[in-house]
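Here's the structure, in structure tokens; my notes come after.
Labels below follow one simple rule: chain letters A, B, ... track the order of the sequence lines, proteins then strands, and each chain is numbered from 1.
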Protein chains: 2
Amino acid sequence: MALAHAILALLVQEPMSGYDLNKTFEGSVGNFWKATHQQIYRELGKLEAMGWVKAETIPQEGRPDKKLYQITEVGQKNLAQWVAEPCDASPVKEELLVKVFVGTLAPVQNIRQEIERHRQIHQARLANYRRIEAESFQTCKDASFAAQLHYLVLRRGIRYETDWIAWCDEALELINNRCC
Amino acid sequence: MALAHAILALLVQEPMSGYDLNKTFEGSVGNFWKATHQQIYRELGKLEAMGWVKAETIPQEGRPDKKLYQITEVGQKNLAQWVAEPCDASPVKEELLVKVFVGTLAPVQNIRQEIERHRQIHQARLANYRRIEAESFQTCKDASFAAQLHYLVLRRGIRYETDWIAWCDEALELINNRCC
DNA sequence: TAGTACATGTAACAGGTTACATGATTGA
DNA sequence: TCAATCATGTAACCTGTTACATGTACTA
């Protein structure tokens, strides 16, 4: 139940609504987990039924009521136990690489453009992480251990995007010089 | 239907059985796609029903019959069309990073050990990719474009694992010096 | 007046995982 | 004799995606 634990890992930081969780997954947390709002609402329902989170409905004017979820003691105990367990490296499923693998089936410009497009996507994500780094982690030396761990996670995202960009450059160079 | 296309991308190289496909996904192809044998057999059934692949049963002595699948013209046409379409970057779901994110909930040694263990996993995968590189891609300059594209995909795997190892080292250094 | 943000959900379907099932051969 | 390799599959379940559904407030 990895999604459940990813949600708990966010709720342990601060109480949030399903909507907030979705926004968070779209932001820098997307660097280590992704979920759609449908999945989030379904999972929150299960977590509430199990007593790992509890919801408080907050009436609002001019907009829909909000359900603020917070982690319970049971939930926190469970999360702590899960954190201590070993886990596997996540399986890689990269559609772009499948396409490159059989790239000769399509026109070369096609593959080149697609790699250029992906380069832009990774560049944009990297810029976002760099912004977060500048805004939230300038004073790393004084930071708490918890904050340092958060920075480590962001560092993984920065590395990942940087490395993708470098690969795209390598790929584009090979494709552009393909005549040898 | 990404798994379907990943399977077609392997069958377009050479006819294979479900068993062979599974082995292939466990090998260097695992660098861009993963699937269990149950998924593979189910998907092959669908692909055969759609006429994208056709099977030939090969009787064997002393071991179960083998169904050799090969891609059909329709399948090849379809694969070529899919290759030409744009795709998204794959979503990241990294359980280890969720654990690091809430790492303060577990003893530090626990997190350190887990990162060390993951470092070993990535090191082993990298060694495997390096071996394949040495065995199959020494003569890159003379290679066909198709072979160069295959090398590019392997390069992505090499980069990915190398980058993970570097992050693990960074993480371990931070954890070991955590006193500031 | 059209689109985005806010805020929650249901239903149907597709994709992925785990457990179970069979059975011969080969090597430690 | 125990485990691994070869080779295929079914069934139940869990996870993830897509489409549909509702309704206000604000901004361009």
Side-chain angles (χ1 to χ4, degrees), chain A residues 1-8 11 15-27 30 32-50 52-53 55-69 82 87-95 98, chain B residues 1-8 10 15-27 30 32-50 52-53 55-69 82 87-95 98:
Chain A
M1 280 198 295
L3 171 57
H5 289 105
I7 288 174
L8 291 176
L11 291 182
M16 278 192 239
S17 68
Y19 190 85
D20 297 332
L21 283 165
N22 190 44
K23 287 276 144 194
T24 311
F25 279 122
E26 279 171 4
F32 61 88
W33 211 266
K34 275 274 153 44
T36 61
H37 82 271
Q38 292 87 344
Q39 273 181 281
I40 293 166
Y41 287 123
R42 179 167 60 185
E43 204 66 34
L44 282 171
K46 284 188 207 169
L47 286 171
E48 198 179 0
M50 289 190 294
W52 294 13
V53 304
E56 184 192 354
T57 304
I58 296 174
Q60 296 187 120
E61 283 173 31
R63 57 184 56 175
D65 289 357
K66 169 191 275 218
K67 270 196 195 172
L68 203 67
Y69 287 91
W82 174 81
C87 64
D88 286 336
S90 82
V92 177
K93 287 189 182 179
E94 205 64 63
E95 220 168 305
V98 183
Chain B
M1 280 199 295
L3 171 58
H5 289 105
I7 289 174
L8 291 177
L10 297 186
M16 276 192 241
S17 66
Y19 190 87
D20 296 333
L21 283 165
N22 190 44
K23 287 277 142 192
T24 311
F25 279 121
E26 280 171 5
F32 60 90
W33 210 268
K34 274 272 152 46
T36 60
H37 82 270
Q38 292 87 345
Q39 274 181 280
I40 293 165
Y41 288 122
R42 180 166 60 185
E43 205 66 34
L44 282 171
K46 284 188 207 169
L47 286 171
E48 198 180 1
M50 289 191 295
W52 294 13
V53 303
E56 184 192 354
T57 303
I58 297 174
Q60 295 187 120
E61 282 173 33
R63 55 184 54 178
D65 288 357
K66 169 190 274 222
K67 270 196 195 171
L68 203 67
Y69 287 91
W82 174 81
C87 63
D88 287 336
S90 82
V92 177
K93 288 189 182 179
E94 205 62 64
E95 220 169 305
V98 183

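- Atom NZ of A/K93 and atom CZ of B/F32 lie 13.0 Å apart (nearest 0.5 Å).
- Remark on the helix from C/dT1-D/dA28 to C/dA28-D/dT1: inter-end axis angle 50°, axes from five-pair C1' superpositions, rounded to 10°.
- Using a 4.5 Å heavy-atom cutoff, the side chains of A/K34 and B/V92 are not in contact.
- Note on A/Q38: every side-chain N or O is 4.0 Å or more away from OP1 and OP2 of D/dT17.
- Here D/dG16 presents its C1' atom at 13 Å from CD of B/Q39, a figure rounded to the nearest Å.
- With sequence neighbours excluded, no residue satisfies side-chain hydrogen bond (donor to acceptor under 3.5 Å, both in side chains) with B/N22.
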Using a 3.5 Å cut-off and no angle test, enumerate the donor-acceptor pairs between side-chain atoms of residues 37-50 of chain A and protein atoms at least two apart in sequence or in another chain.
from	atom 1	to	atom 2	distance (Å)
A/Q39	OE1	A/T36	N	3.3

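- Between chain B and DNA chain C, the heavy-atom contact criterion of under 4.0 Å yields a 5' to 3' nucleotide range of C/dG15 to C/dT25.
- Once rounded to the nearest 0.5 Å, the distance linking CH2 of A/W82 with CG of A/L8 reads 9.0 Å.
- Distance A/R42 CZ to D/dT18 P: 13 Å, rounded to the nearest Å.
- What you find for A/V98 and B/A6 is that their closest heavy atoms are CG1-CA, 4.0 Å.
- Between A/F25 and A/I7, some side-chain heavy-atom pair lies under the 4.5 Å cut-off.
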Considering only nitrogen or oxygen atoms on both sides, find all protein atoms under 3.5 Å from nucleotides 5-8 of chain D and state each distance.
from	atom 1	to	atom 2	distance (Å)
D/dC6	OP2	B/Y19	OH	2.7
D/dC6	O5'	B/Y19	OH	3.4
D/dC6	O3'	B/R63	NH1	3.4
D/dA7	OP1	B/Q60	OE1	3.0
D/dA7	OP1	B/Q60	NE2	2.6
D/dT8	OP1	B/K67	N	2.9
D/dT8	OP2	B/Y19	N	2.7
D/dT8	OP2	B/Y41	OH	2.9
D/dT8	O5'	B/Y41	OH	3.3
D/dT8	O4	B/H37	NE2	3.4

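- When all heavy atoms of A/V53 and A/Y69 are compared, the closest pair comes out as CG2-CD2, 3.8 Å.
- Taking both residues in full, the closest heavy atoms of B/Q60 and B/D65 are given as N-OD1, 3.5 Å, listed atom of the first, atom of the second, then distance.
- Among the atoms of the strands shown, none is found under 4.0 Å from any heavy atom of B/K34.
- Take A/K66 and apply the salt bridge (charged side-chain N to carboxylate O under 4.0 Å, His left out) test, not counting sequence neighbours, and it matches A/D20.
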